[in-house]
Novice: 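Structure below; questions to follow.
Chain letters run A, B, ... following the sequence lines, proteins first and then strands; every chain starts at 1.
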Amino acid sequence: MKKQAERLDLTGVPCPLNAARALIKLASMPAGTLLEIVVDDGEPSANVPVSLEDEGCRVLGKVRKGHQWIFQVQRQSGG
Amino acid sequence: MAIYLDNAATTFLDKQVVRLVSSLSREKVANPASLHHLGVRAAVWVEHSRQIMAKRIHADPQEIYFFSGGTEANNTVIKGVASARKKHGNHVIVSAIEHPSILEPARWLQRQGLHVSYVKVDREGAVDPGDVARLITSKTILVSVMHANNEIGTIQPLRAIGQLCRKKEIYFHTDACQSFTKVPIDVRRDFLDIATLNSHKIHGPRGVAALFIRKGVAIEPLLHGGHQEDGLRAGTYNTEGIAGFGKAVEIVDGHDIRRMEQLRDYFISHIEGNITGAVLNGSRRSRLCNNISFSFEGVQGKELFLLLNSKNIYVSTGSACLANRLTASYVLQALGAADERACGALRMTLSKWSTKREIDTAVKYLRIFVAHIRRKV
């Protein structure tokens with residue numbers, strides 16, 4: 001059975017603290033594990049995926065839900 | 001050999017903290033509020049420390065805010081709550097033995113026309129929650145009672161006070177600068193709305209502290225000019241300090257706390273067994289693991305302090321803030337101590353590095369110097 005991805009709610013958290021929290025969370029997870037990150041629309045939804053990719057993570061998908069975005073992110077091995 | 005027994009004033013940095021802070025100081029640490037790549041990396045240090053603080057007190061990371069020290073944090077609480085809740089009331093309750101960083105802003109509020117009540121303490125320095133309840137009025141907006149006193153180490157019954165405040169929708173704050181990591185804090189169990197946590201009392205860097213602020217609690221900022229910490233603490237982050245604070249909390253070992261308790265009890269019994277007319281200040285049962293406070297009959301604390309200093313034994317008379325003044329300790333006066341006892345107090349505070357040998361040496365010289373001073377009188 002496929003395991004449900006863990007979710008990290010970063011709504012209301014300003015940039016770049018939201019990306020920092022996401023990176024700390026991803027660092028605590030085994031490489032290859034999927035994390036769903038919820039961020040606010042606007043600056044966070046524009047900045048967070050870029051910051052995560054800069055740090056070696058892969059953004060596999062994104063969905064908009066009202067004023068929020070959900071990004072599916074995966075930490076690469078060694079990333 | 002120097003014997004440092006003034007760890008309630010400040011502690012020496014732990015080597016692990018020094019390593020982290022100095023390595024960060026050599027790196028290219030950007031502003032954690034900057035949106036670029038280096039800003040995100042700096043923000044990771046801030047957020048990592050925030051998570052460590054939150055875990056230690058059973059809070060959510062979003063309820064932790066960093067400040068430049070305990071004094072700034074406490075001023076923000078007293079002035080900031082009074083300002084944010086002025087529509088709800090104009091009455092604040094603080095204990096009579098709070099640190100000056102609580103008492104002085106409370107007096108400032110009084111000068112602005114607000115009402116402040118000072119809840120008394122018993123002979124051991126403990127607040128009776130019933131006394132707090134009796135002072136509460138329909139206009140009370142904040143109760144602030146420190147977790148453990150900086151001079152005498154008495155630990156307060158936070159949960160009972162917190163419970164009665166929560167029932168009446170009054171904010172409850174505790175200044176936990178001396179107790180943080182020494183006495184367990186659970187912000188949910190203790191019904192805390194706000195708590196002050198300090199770095200330099202636990203071998204972390206000076207110039208950094210944190211506030212726990214429960215979600216939904218309203219506080220106006222003291223400083224304006226930046227959006228850091230949700231606008232509650234404007235100013236560039238002290239990234240190295242915050243990271244060092246996180247490390248200091250992370251490396252706290254429960255064994256060190258128990259060892260300090262044993263050394264404290266040994267210290268107290270050794271003084272009482274060797275020096276006549278030694279009166280313990282504070283509580284025997286509910287006391288910080290590192291605090292030893294005594295008054296010696298017929299002896300001025302300042303004179304004893306100077307003699308010990310000449311032997312490289314470093315202690316404090318009353319609180320460090322009052323060490324250069326020959327005034328009676330307001331804390332001891334609040335306990336009902338006569339002026340002689342309130343002027344004669346000597347505070348000795350341990351760290352995780354204190355040893356039995358140091359205590360033996362300190363008691364040896366205490367015995368000699370107390371006898372010497374009494375012979376002169």
Novice: Got a sec: does the NE2 of His255(B) have more than 12 other heavy atoms crowding it under 6.0 Å?
Specialist: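 No, the 6.0 Å shell around NE2 holds no more than 12 heavy atoms from other groups.
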
Novice: Using non-hydrogen atoms and a 4.5 Å limit, figure out which bit of Val13(A) sits close to chain B: side chain, backbone, both or neither.
Specialist: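 Interface part for Val13(A): side chain.
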
Novice: Just wondering, are more than 12 heavy atoms of other shown residues or ligands nearer than 6.0 Å to CZ in Arg206(B)?
Specialist: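 Atom CZ in Arg206(B) is packed in, count exceeds 12.
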
Novice: Measuring only between side-chain heavy atoms, which start at C-beta, is Arg50(B) closer than 4.5 Å to Leu17(A)?
Specialist: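 With C-beta onward as the side chain, the pair touches.
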
Novice: A side-chain contact here means heavy atoms from C-beta on lying under 4.5 Å apart; do Leu35(B) and Glu43(A) qualify?
Specialist: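 Yes; the side chains approach each other to less than 4.5 Å.
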
Novice: Side chain, backbone, both or neither: which part of Asp54(A) has a non-hydrogen atom closer than 4.5 Å to chain B?
Specialist: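 For Asp54(A), heavy atoms of backbone and side chain both lie under 4.5 Å from chain B.
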
Novice: Using side-chain heavy atoms (C-beta onward) and a distance below 4.5 Å, is Gln62(B) in contact with Arg21(A)?
Specialist: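 Yes - at least one pair of side-chain heavy atoms lies under 4.5 Å apart.
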
Novice: Look at Ala33(B), Pro61(B), Ala42(B) and state which one has the largest set of heavy-atom pairs under 4.5 Å with chain A.
Specialist: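 Greatest number of close heavy-atom pairs with chain A: Ala33(B).
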
Novice: If you tally heavy-atom pairs under 4.5 Å against chain A, which of His36(B), Gln51(B), Arg41(B) wins?
Specialist: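 Ranked by contacts with chain A, first place is Arg41(B).
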
